[in-house]
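Have a look at the structure below, then the notes.
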Amino acid sequence: MTDAGMITVEGIGKRFALPQGVMSRLAGHPAPAVHALNGVSLQIRRGETLGIVGESGCGKSTLARCLVRLHDCDDGRILFEGQDIAGLEGPARRAFNRRVQMIFQDPFSSLNPRMKVRAILGEALSVHRMCPAADIPDRIAALLALVRLNPDAADRYPHEFSGGQRQRIGIARALAVEPEVLVADELVSALDVSVQAQVVNLLLDLQQRLNLTVVFVAHDLRLVRHISHRVAVMYLGKVVEIGATEDLFAAPRHPYTRALLDAAPELDPERRSRQVAARGELPSPINLPQGCLFHTRCPLALDRCRTERPELTDRGPQHQAACHLADFGAPSTETTA
Ligand SMILES: Nc1ncnc2c1ncn2[C@@H]1O[C@H](COP(=O)(O)OP(=O)(O)O)[C@@H](O)[C@H]1O
Ligand code: SF4
Ligand SMILES: [Mg+2]
């Protein structure tokens, strides 16, 4: 089951200040900053897997960290079941921290090397008082079974496991506190390709069995397509397209999405039109382009694109794109290679 708006992200912005030289400051120049998020809006529905894709540096990890409140936003707000998460304090904040869990990208650094798996999972269970102390061993065994690890894994240290197994331990630790939302940032990027599918399939299975809401952040389009119900495409800290996975992959409605799919060797070559290859380099997030953030690389850019920033508008059922060319990718104008 899904419902609209378990989490609603409303126009969030996030900047990271950069050091400013004395001369620049004396000259009255504004302090330089990386504009990591520039008005991200989207909804995350209960029980869905939402994929977040985009080139490196487009703000995926920053968005993921804002969702779990590892970063506070500079603009906009994030509502969890209607409540602004920035205002949560005390027990409400602790409850949020339990219900929305992040699984980190790097299984090698996110697990304490001096703690056995039993202690790692036991700590997660006791911090949030998930069960009486006497029940902890059984809960640990159940968690290991859930992520398909043998019970004897409890008495080993993280370094004794392979990368894929370590990522399973990371998933078990997140699940220990019975969360409703998992935010997985590049969950399998550090793993061998042969192991990636096993871990992603485990996540897919857990999402269905536990009715989890999953935000799956990745740059690998094939994995995102496999696991996600809906996909959001980010460019320079903004969502430029969001839609149901198959709609978005079959008929992208934003030139950047089309360029991203065209450039992905892992996707079906028959789908490619090669009409909209992005030109040139990704602009610096320190000096954002005016108007449409993609206009410096878009082969279809109009004069208007250089001054007017397009917002997300409806392009079909559950499908939105932010482009002045309202017909781009629409069935009647679809081009074939
Ligand atoms: N803590 C930070 N301090 C300064 N800049 C940061 C920080 N985190 C991210 N950035 C910058 O913000 C932009 C977006 O980064 P990130 O969210 O990591 O993108 P992605 O995950 O899509 O690769 C990048 O330019 C990155 O260098
Ligand atoms: S708004 Fe203009 S520049 Fe931006 S993607 Fe659409 S056509 Fe290209
Ligand atoms: Mg990242």
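Positions are given from 1 along the sequence. Start at 1 and go down the list; that is how both ligands and their atoms are numbered. Values below: every heavy atom of this structure, side chains too, minus hydrogens, waters and symmetry copies.
Judged by the shortest distance from any of its heavy atoms, Gly54 lies outside the 4.0 Å radius around the atoms of ligand 1.
Between Thr62 and ligand 1, at least one N/O pair is under 3.5 Å apart. Between Gly57 and ligand 1, at least one N/O pair is under 3.5 Å apart. Every N/O-N/O distance between Val34 and ligand 1 stays at or above 3.5 Å. At least one N or O atom of Cys58, backbone or side chain, sits closer than 3.5 Å to an N or O atom of ligand 1.
The closest donor-acceptor contact from the side chain of His324 to the backbone of Cys292 lies at 3.5 Å or more, if one exists at all. Checked by atom type and distance alone, the side chain of Arg25 pairs as donor or acceptor with a backbone atom of Gln20 at under 3.5 Å. A donor-acceptor pair under 3.5 Å is absent between the side-chain atoms of Ser24 and the main chain of His29, judged by distance alone. Looking at His295, its side chain does come within 3.5 Å of a backbone N or O of Gln290 through a donor-acceptor pair. Checking side-chain atoms of Thr213 against main-chain N and O of Gly47 turns up a donor-acceptor pair under 3.5 Å. When atom types are taken as modelled, the side chain of Gln196 and the backbone of Asp192 share no donor-acceptor pair closer than 3.5 angstrom.
Atoms of ligand 1 lying under 4.0 Å from at least one heavy atom of Ser56, given by number and element, are 23 (O). Short contacts between ligand 1 and Pro285, defined as distances under 4.0 Å to a heavy atom of the residue, involve ligand atoms 25 (O). Numbered from 1 in the order shown, with element, the atoms of ligand 2 that lie under 4.0 Å from a heavy atom of Leu325 read 7 (S). Close approach to Ala36 involves these atoms of ligand 1, each under 4.0 Å from a residue heavy atom: 12 (O), 13 (C). Contact atoms of ligand 2 toward Pro255: 5 (S) (distance under 4.0 Å to a heavy atom of the residue). Counting the atoms of ligand 1 from 1 in the order shown, those under 4.0 Å from a heavy atom of Ser61 are 17 (O), 18 (O), 20 (P), 21 (O).
Salt-bridge formation is not detected for the pair Asp185/Lys60: no Lys NZ or Arg NE/NH1/NH2 atom is positioned less than 4.0 Å from an Asp or Glu carboxylate oxygen. The residues Glu311 and Lys238 are annotated as salt-bridged, a charged nitrogen and a carboxylate oxygen being separated by less than 4.0 angstrom. Salt bridge annotation for Glu281-Arg297: absent, with no cationic side-chain nitrogen under 4.0 angstrom from a carboxylate oxygen.
The hydrophobic cluster containing Met102 does not contain Val127, counting ILVMFWY residues as joined when their side-chain heavy atoms lie under 4.5 angstrom apart, directly or transitively.
Nearest non-hydrogen protein atom to atom 6 (Fe) of ligand 2 is Cys323 SG, 2.3 Å. Residue, atom and distance of the protein heavy atom nearest to atom 1 (N) of ligand 1 are Phe16 CE2, 3.7 Å. Atom 1 (S) of ligand 2 has its closest protein heavy atom at His324 N, 3.3 Å. Of all protein heavy atoms, the one closest to atom 8 (Fe) of ligand 2 is Cys298 SG, 2.4 Å. Considering only non-hydrogen protein atoms, atom 19 (O) of ligand 1 sits nearest to Gly59 N, 3.2 Å.
Atom 26 (C) of ligand 1 lies below 4.0 Å from none of the non-hydrogen atoms of the protein.
Between Tyr256 and His254, the angle of the ring planes goes over 60°, which puts this pair in the perpendicular group of the 30/60° scheme.
Which of Glu186, Arg15, Lys60 comes nearest to atom 22 (O) of ligand 1 through a heavy atom is settled by distance: it is Lys60.
Here Cys292 reaches atom 4 (Fe) of ligand 2: one of its N/O/S atoms is less than 2.8 Å from the metal. The nearest N, O or S atom of Cys305 is closer to atom 2 (Fe) of ligand 2 than 2.8 Å.
Of the options Arg99, Arg98, Arg139, a salt bridge (charged side-chain N to carboxylate O under 4.0 Å, His left out) to Glu178 is made by Arg139 and by none of the others.
For His226 and Phe216, the distance between ring centers is not under 6.0 angstrom.
Contact annotation for His254 and ligand 2: only side-chain heavy atoms (C-beta onward) come within less than 4.0 Å of the ligand.
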